[in-house]
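Shown next, in structure tokens, is the structure this report addresses.
The basis for the numbers below is simple: all heavy atoms, side chains too, and nothing from hydrogens, waters or symmetry mates.
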Amino acid sequence: MSSTSTLVKTQLLVGGQWRDASGGAVYEDFNPANGGKIADVADASREDVDAAVAAARRAFDGRWPTMAASRRAKIIYKLAQLIAERANEIALMEVRDNGKTISTAKGELGAIVDCFEFYAGATTKNYGETMPPPLPTYLANTVREPVGVVGAIVPWNFPLLLASWKVAPALATGCTIVLKPSSVTPLSAIELGKIALEAGVPEGVLNVVTGANNPVGAWMVEHPGIDKIAFTGSTATGKNVAAVAAKTLKRVTLELGGKSPAVVFDDADLRAAIAGALYGVYYNAGQCCEARTRILVQASIFDEFVAQFTEKAARLRVGNPEDASTQIGAITLRDQFEKIKEYCEIGVSEGAKRLIGGAAPELDDALASGMFWSPTAFEAENTHRIACEEVFGPVATFVRFKDESEAIALANASEYGLAASVWSNNLGRANRVARAIRSGSVAINTPYAVFPGVPFGGYKQSGYGRELGMETMRLYTETKSVLTYIGEKPMDPFGV
Ligand code: NAD
């Protein structure tokens with residue numbers, strides 16, 4: 001498969017210059033589908049992180065934040081255009097770094113371009129407000145000013161997509177950025193750094209630091225020179241980020257884990273619900289924060305739904321991610337692979353009924369060193385660990401419900417609240433249930449809920465803050481109130 005890929009050696013992007021990590025440290029990056037090495041990646045030290053933060057600060061003190069918004073918008077549009085031109089090449093890079101299928105990666109590249117274009121447009125709409133005068137002799141208005149240096153920390157499941165959700169609004173509002181990709185999927189962030197420079201993003205506005213271990217992210221969260229952390233990752237790490245960031249009172253937004261429900265009523269279009277539920281679980285090999293892995297099905301159609309779902313799931317094509325017909329690619333990390341295996345064992349030991357999968361598939365020799373998992377489904381209780389903890393793999397759990405109120409109770413019986421789907425042809429019911437579910441997004445009769453312009457983020461343990469929306473612009477800005485005295489007589493409160 002990736003025999004044609006060439007080994008690369010990457011560098012850090014600091015202040016517009018590409019440079020090795022101090023001391024020349026590197027770590028190895030592998031293709032999870034075949035175990036082949038694909039890159040030597042610069043392994044940043046604390047000194048490198050300091051240099052990146054200092055470069056971002058210098059750029060923030062420069063012309064970027066005060067540049068005409070229309071000019072910044074043009075640069076972001078250019079960036080979007082350059083990504084679009086190289087979409088196929090970057091998609092393949094993402095496939096080799098992450099193990100996702102080429103069709104998924106190409107879809108993501110389209111969404112990345114859309115995200116940059118959306119925020120390019122938003123750049124010129126970063127409006128303040130004018131208040132009713134607090135006194136007749138006053139004008140009062142607000143301006144939205146960039147929050148400063150943003151530390152963007154992203155996970156491995158959608159490497160460039162999740163970076164774009166942070167970098168695009170940060171650029172639009174005039175912030176400067178230190179971007180840290182996951183250690184296992186660093187390549188597309190480095191490519192973004194190259195494209196940003198080419199698009200005319202001034203030196204130091206976007207810095208990219210890569211590192212083998214967690215300290216790079218932790219150093220950023222502690223760093224007094226960073227004003228805001230935009231974090232996507234697990235709930236456990238997110239809580240740590242919030243606690244550490246509090247010491248320097250950084251602004252923090254957290255996009256964290258999930259265990260999202262798909263609620264299927266007996267009046268749903270069964271075919272559409274099954275197709276949507278399959279996609280909701282197995283898209284990106286289930287390594288998806290908003291995966292609808294808890295499938296709650298009304299008792300009257302439960303057996304039929306489960307039979308049709310599992311029959312189709314077992315036929316999904318698992319294998320070479322570079323093959324356009326593959327539907328489930330590789331598991332990105334060894335630890336993640338082991339975690340999925342362990343959860344399947346826990347499911348069996350808790351008494352959940354395994355319906356399909358639960359093991360690695362047999363694949364051809366070229367993929368023998370890769371990490372793959374067969375589409376898996378269990379019938380479970382909502383309280384089983386496999387049904388309530390985030391597995392982050394291609395594992396569905398089915399739970400049955402009697403009626404609308406039980407469906408709502410089960411959907412909400414989770415510590416998470418990221419997303420949900422409701423399948424019903426009774427739009428009154430679908431909307432009632434959508435309203436009652438405590439999650440950041442609810443998709444009715446569709447598995448898709450993520451689009452630029454539509455806020456995305458979590459309730460409860462799924463985090464706080466929203467990405468992708470116009471309100472996201474607020475999370476990258478501070479409000480400054482400006483009060484102007486317009487009276488004829490000078491003010492003289494002390495009568496001096
Ligand atoms: P993770 O929390 O292990 O790591 C996320 C990022 O944080 C990585 O870049 C990592 O190097 C860095 N990091 C680790 N420890 C850190 C620390 N102490 N301080 C600062 N940074 C640190 O998560 P992961 O395993 O890479 O990603 C999977 C998780 O991400 C899942 O829980 C998934 O649900 C979540 N996720 C959420 C969303 C969302 O939008 N809500 C999207 C994708 C993934």
Side-chain angles (χ1 to χ4, degrees), residues 1 32-34 91 94-95 98-108 157-158 259-262 264 268-295 297 302-333 336-337 339-341 343-344 347 352-364 366-368 370-380 386-387 390-398 419 421 423 443 446-448 450:
M1 36 189 297
N34 60 15
E94 206 78 309
V95 168
N98 169 282
K100 64 176 66 233
T101 64
I102 187 70
S103 60
T104 301
K106 284 186 177 172
E108 273 162 55
N157 57 337
F158 296 102
K259 189 76 181 179
S260 298
V264 188
D269 174 338
L270 209 60
R271 203 162 157 229
I274 288 169
L278 282 164
Y279 183 83
V281 177
Y282 300 123
Y283 168 66
N284 209 38
Q287 301 170 118
C288 188
C289 56
E290 51 132 7
R292 312 302 202 274
T293 47
R294 285 194 299 140
I295 308 178
V297 186
F302 187 88
D303 291 341
E304 188 187 349
F305 187 95
V306 170
Q308 287 193 39
F309 178 102
T310 49
E311 186 266 323
K312 289 185 194 318
R315 284 194 282 119
L316 291 175
R317 291 181 293 276
V318 185
N320 181 357
E322 293 182 33
D323 181 336
S325 67
T326 299
Q327 291 162 313
I328 300 183
I331 304 302
T332 309
L333 293 175
Q336 188 55 38
F337 178 86
K339 183 176 158 196
I340 296 167
K341 193 167 160 214
Y343 265 110
C344 289
K353 182 174 157 201
R354 192 183 62 79
L355 302 167
I356 49 160
E362 293 205 356
L363 298 171
D364 66 49
L367 303 170
M371 296 170 282
F372 295 86
W373 200 256
S374 299
T376 298
F378 283 87
E379 184 179 341
I386 194 155
E390 188 181 46
V391 177
F392 224 56
V395 181
T397 50
F398 287 101
S421 296
W423 298 89
T446 169
Y448 303 116
V450 183

Next item on the list: Given side-chain contact (heavy atoms from CB on, under 4.5 Å), test V391 with K259 step by step and report yes or no.
Entry: CA-CA 8 Å; V391 177; K259 189 76 181 179; 3.8 Å; yes
Checklist line | side-chain contact (heavy atoms from CB on, under 4.5 Å) between R317 and I328, worked out | finding: CA-CA 6 Å; R317 291 181 293 276; I328 300 183; over 6 Å; no
Checklist line | Verdict with reasoning, F372 to F337, per ring pair (Phe, Tyr, Trp, His ring centres under 6.0 Å) | finding: CA-CA 8 Å; F372 295 86; F337 178 86; 8.9 Å; no
Notebook entry, point to check: Could you go step by step and tell me if E322 and I102 meet the side-chain contact (heavy atoms from CB on, under 4.5 Å) rule?
Noted result: CA-CA 5 Å; E322 293 182 33; I102 187 70; 5.5 Å; no
Check: What's the verdict on side-chain contact (heavy atoms from CB on, under 4.5 Å) for C344 and F378, showing C-alpha distance, side-chain angles and the deciding distance?
Finding: CA-CA 9 Å; C344 289; F378 283 87; 4.1 Å; yes
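Here the CZ-SG distance, from F158 to C289, works out to 7.0 Å after rounding to the nearest 0.5 Å. Rounding to the nearest 0.5 Å gives a distance of 6.0 Å between CG of L355 and CD of E379. Taking OG from S260 and CD1 from I295, the interatomic distance works out to 12.0 Å, rounded to the nearest 0.5 Å. For the atom pair CG (L278) and NZ (K312), the distance works out to 8.0 Å, reported to the nearest 0.5 Å. The CG atom of L333 sits 10.0 Å away from the NZ atom of K339 when rounded to the nearest 0.5 Å. Put simply, CG on N284 and OG1 on T101 are 7.5 Å apart, with the number rounded to the nearest 0.5 Å.
T376 places a side-chain N or O within 3.5 Å of a backbone atom of S374 that can act as its donor or acceptor partner. Between the side chain of T326 and the backbone N or O of G329 there is no donor-acceptor pair closer than 3.5 Å. Without hydrogens or angle criteria, T397 side chain to T293 main chain gives a donor-acceptor distance under 3.5 Å. Judged by distance alone, with hydrogens and angles left aside, the side-chain atoms of N157 form a donor-acceptor pair with the main-chain N or O of Q287 at under 3.5 Å.
Here the shortest heavy-atom pairing between A443 and Y448 reads CB-O, 3.9 Å. Pairing each heavy atom of A380 with each of A352, the nearest pair is CB-CB, 4.0 Å. The shortest heavy-atom contact between A33 and L367 is O-CD2, 3.6 Å. The two residues A366 and N34 make their nearest non-hydrogen contact at O-CB, 3.6 Å. Listed here is the closest heavy atom pair of P394 and Y282: O-CE2, 3.3 Å. Residues P375 and I356 share a closest heavy-atom pair of O-CD1, 3.6 Å.
Considering only heavy atoms from C-beta on, F305 comes within 4.5 Å of V264 through its side chain.
Under the salt bridge (Lys or Arg N to Asp or Glu O under 4.0 Å) criterion, E304 pairs with no residue at all, not counting sequence neighbours. A search for salt bridge (Lys or Arg N to Asp or Glu O under 4.0 Å) contacts involving R315 returns E311, not counting sequence neighbours. For F392, the ring pair (Phe, Tyr, Trp, His ring centres under 6.0 Å) criterion is met by W156, not counting sequence neighbours. For E290, the salt bridge (Lys or Arg N to Asp or Glu O under 4.0 Å) criterion is met by R292, not counting sequence neighbours. Scanning for side-chain hydrogen bond (donor to acceptor under 3.5 Å, both in side chains) contacts around Y283 gives an empty result, with sequence neighbours left out. E108 pairs by the salt bridge (Lys or Arg N to Asp or Glu O under 4.0 Å) definition with K100, not counting sequence neighbours.
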